[in-house]
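Report on one structure; see the data block that follows.
Convention: sequence-line order gives letters A, B, ...; per-chain numbering from 1.
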Amino acid sequence: MTEDIRVRYAPSPTGHLHIGNARTAIFNWLFARHYNGKFIIRIEDTDSARNIADGEKSQLENLAWLGLDWDESPEKPGEYGPYRQSERNEQGIYQPFIDKLLTEGLAYKSYKTSEQLASEREAQQAAKQAPHYVYEYEGLTREEREAKYAEFEAKGLKPVVRFRVPEEKTYAWDDIVKGHIEIGAKEVGGDWVIQKADGMPTYNFAVVVDDHMMKISHVLRGDDHVSNTPKQMMIFEALGWDIPQFGHMALIINGETGKKLSKRDENVLQFVEQYKALGYQPQAMVNFIGLLGWSPKGEDEIFSLEEFKQMFDETRLSKANAKFDQKKLEWINNQWMRRDLEEIMPQLIQELVTANLVSPADATAKADWLAQVIKVAGVEGISYTREIVDLVRQPFFELGDITDEMVAYLTSEEGRRVFDAWESAYIALPDDATAEDYLNAIRGIQNQLEIKGRNLWNPIRIATTHEVQGPNLPEMLVVLDKATVLQTMADVKSNYLN
RNA sequence: GGCGCUAUGGUCAAGUGGUUAAGACGUCGGCUUCUCAGGCCGAAAUCGAGGGUUCGACUCCCUCUAGCGCUACCA
């Protein structure tokens, strides 16, 4: 690719960063960066009713969290600003093009009310016709049409501007991911609105003006935009502009319903913020998303953004929709947590603070000890940092109840012998005994008493931790405070063994 | 309904006329002789269906079926 590559991610600030949008952003970024192009962020806020106060800020923050950067955006204007469509409209950027189409007769003003439109559509449905807009000035001269305008204006009606669709044409393009696509102009449903009654351009119109003015060379977006493409091509054509390359990526779909991930699905976490809150790593999110609908050449599965950038190849984009597989995401996150354990340790400790297991002061003062506890508890078994809390809670911060089953282990004839032997062995061991020392002590008891397996280990586990399962006992003993363990053992003894 | 797109195991997928049809997640089984986690080993697909083309089709063609997407003064 020799031309200047400029791609954009153009979200509308109607909510937080959705997984599907994040994927669009990531692939656009990858495309731009792989080919040494520019990555631009433009805010498509032409629907003021749906804009959400912090939508834009939140989306950009999450994009940055994922590790993306961009060359131009609302807060980082380049030479093609502004980068918010609402501001572009205020500056009158769209109006001249609308006027041009109007004067050239390629567009016209329409005064039909939404009620009229609805009833037209209903009638068409009833007649088993595809819904389509019916041109109301058929056969009229320009003067007659303008006279109608005046008539409607006098009634106080506000017009929309509609583009006169050249219905005989067929629009075709070679899609970067799907290959050759052709759609007849008559399939777009008739003359469509390019400017709303409130003066705002519609999405399909503003996109064209902006993509042209911002010199966007490639448009990589979701499959759901395929049918918008002919509409946009008509405008490019009517305005005499070059058409960018389009690529429509398959959608991410809900595993249960098989439908496009919708913000209304509540059975799937689908905002990157939610994953962030649970303690998913940004590298893992990127890794997972990068593998949804795209596959690398080899057999590896764990990749950083940088590696994806190096490997990126738009011909390996999948044409088929992909289901969102939470389990795989969990596995990938687990891989990243293990890989970056030292880096995420502060985050793991913070989870303990959040769960009120540790005070903020202790989180700092006892950081080394907490790190040991966390390592002993085992990050290998968790999917995201939040899960460390349940692994660590008992016996490191609280002791559980002793169940009847545990009492049985403790009070059996063998259990009592093990307890006594362990008690004296433990007391005899130095405060800085290693895991190996503890293991040797237990092995010693095994040989001396000729008791092994659960009958050996469980009484000791119960006496020291009130648990019958958990991480390796010798390792836990290293981390556990000796005075506390001694107290626990004394309590167990007086409650169950006397 | 119309138009468009898609179709390899539960999931993500490699594969571009001749392969034992990769790999990963998940699942199941075994081992790792205290448990959990982890690790290691192993198991599971008549490539949506039916027709062609071909010596030979997952791979090429046709038909069908299914799924998804769009069908707004939303983006």
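Not counting sequence neighbours, the partners of Arg8(A) by the salt bridge (charged side-chain N to carboxylate O under 4.0 Å, His left out) test are Asp211(A). Partners of Glu168(A) by salt bridge (charged side-chain N to carboxylate O under 4.0 Å, His left out), not counting sequence neighbours: none found.
Within the structure, the ring-ring contact (aromatic ring centres under 6.0 Å, His included) test picks out no pair touching residues 446-478 of chain A (sequence neighbours left out). The side-chain hydrogen bond (donor to acceptor under 3.5 Å, both in side chains) analysis of residues 287-304 of chain A, with sequence neighbours excluded, yields the pairs Asn287(A)-Trp336(A), Glu301(A)-Lys328(A), Ser304(A)-Glu307(A).
The heavy-atom pair separating Leu317(A) from Met249(A) by the smallest distance is CG-CG, 4.4 Å.
In this structure, Leu291(A) reaches the sugar-phosphate backbone alone: every heavy-atom distance under 4.0 Å involves primed, P, OP1 or OP2 atoms, never a base. Counting non-hydrogen atoms under 4.0 angstrom, Gly293(A) reaches the backbone sugars and phosphates but no base. Contact annotation for Glu182(A): backbone-only contact, meaning every heavy-atom pair under 4.0 Å involves sugar-phosphate atoms and none involves a base. Nucleic acid contact class of Asp300(A) (heavy atoms, under 4.0 Å, all strands): none. Arg221(A) comes within 4.0 angstrom of nothing in the nucleic acid, heavy atoms only. Within the nucleic acid shown, Gly453(A) comes within 4.0 Å of sugar-phosphate atoms alone, with no base atom in reach, counting heavy atoms only.
Side-chain nitrogen and oxygen atoms of Arg443(A) include none within less than 4.0 Å of the OP1 or OP2 phosphate oxygen of rU33(B).
Atom CZ of Phe205(A) and atom CZ of Phe97(A) lie 7.5 Å apart (nearest 0.5 Å). Expressed to the nearest 0.5 Å, how far OG1 of Thr202(A) lies from CZ of Phe163(A) amounts to 11.5 Å. Between the CD atom in Glu237(A) and the CD atom in Gln232(A) there is a gap of 13.5 Å [rounded to 0.5 Å]. Here Tyr409(A) contributes atom OH and Ile402(A) contributes atom CD1; the two are 14.5 Å apart, rounded to the nearest 0.5 Å.
For the pair Tyr9(A) and Gln59(A), the minimum side-chain heavy-atom distance is below 4.5 Å.
Remark: the separation of the C1' atoms in rG42(B) and rU46(B) is 23 Å, to the nearest Å. For the C1' atoms, the distance from rG4(B) to rA14(B) is 27 Å, rounded to whole Å. If you take atom C1' in rA43(B) and the same atom in rU20(B), they sit 15 Å apart, rounded to whole Å. Taking the P atoms as reference points, rG48(B) lies 10 Å from rC58(B), given to the whole Å. Separation of the C1' atoms belonging to rU8(B) and rA13(B) is 9 Å when rounded to the nearest angstrom. Nucleotides rU27(B) and rC12(B) place their C1' atoms 15 Å apart, quoted to the nearest Å. When the C1' atom is used for both rG15(B) and rG69(B), the distance is 27 Å, rounded to whole Å. Spacing of C1' atoms, rA44(B) relative to rU59(B), comes out at 24 Å, to the nearest Å.
Between Lys323(A) and Pro474(A), the one whose closest nucleotide on RNA chain B sits nearer the 5' end is Lys323(A). A residue-by-residue look at Arg461(A) and Gln129(A) shows that Gln129(A) has its nearest nucleotide of RNA chain B further toward the 5' end.
Relative orientation of the Phe246(A) and His248(A) rings is parallel, given thresholds of 30° and 60° on the angle between their planes.
Asn334(A) has its CG atom 12 Å from the C1' atom of rG39(B), to the nearest Å. Summarising the geometry, the separation between CG on Leu292(A) and C1' on rA24(B) is reported as 13 Å, rounded to the nearest angstrom. Here the P atom of nucleotide rA37(B) and the CH2 atom of Trp331(A) are 18 Å apart, to the nearest Å. Straight-line distance from the CZ atom of Arg338(A) to the P atom of rA37(B): 13 Å, rounded to whole Å.
In this structure, Trp457(A) counts as stacked on the base of rC34(B) under the 5.5 Å centre distance and 30° plane angle limits.
rC31(B) is paired with rG39(B) under the criterion used here, namely a Watson-Crick or G-U wobble arrangement in which both key atom distances are under 3.5 Å. Checking rU46(B) for Watson-Crick or G-U wobble geometry (two distances, each under 3.5 Å) identifies no partner in any strand.
In the set rC12(B), rG39(B), rU35(B), the nucleotide with an atom closest to the side chain of Ala322(A) is rC12(B). Distances from the side chain of Glu301(A) to the nucleotides rC25(B), rC5(B), rA24(B) place rA24(B) closest.
With hydrogens and angles left out, the side chain of Lys328(A) and the base of rA24(B) share a donor-acceptor pair within 3.5 Å.
Remark: Glu380(A), Gly381(A) in residues 380-410 of chain A come within less than 4.0 Å of RNA chain B through at least one heavy atom.
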Problem - Base-contact (B) and sugar-phosphate-only (S) positions in nucleotides 59-75 of chain B, heavy-atom cut-off under 4.0 Å, - elsewhere - result: ---------SSS-SBBB
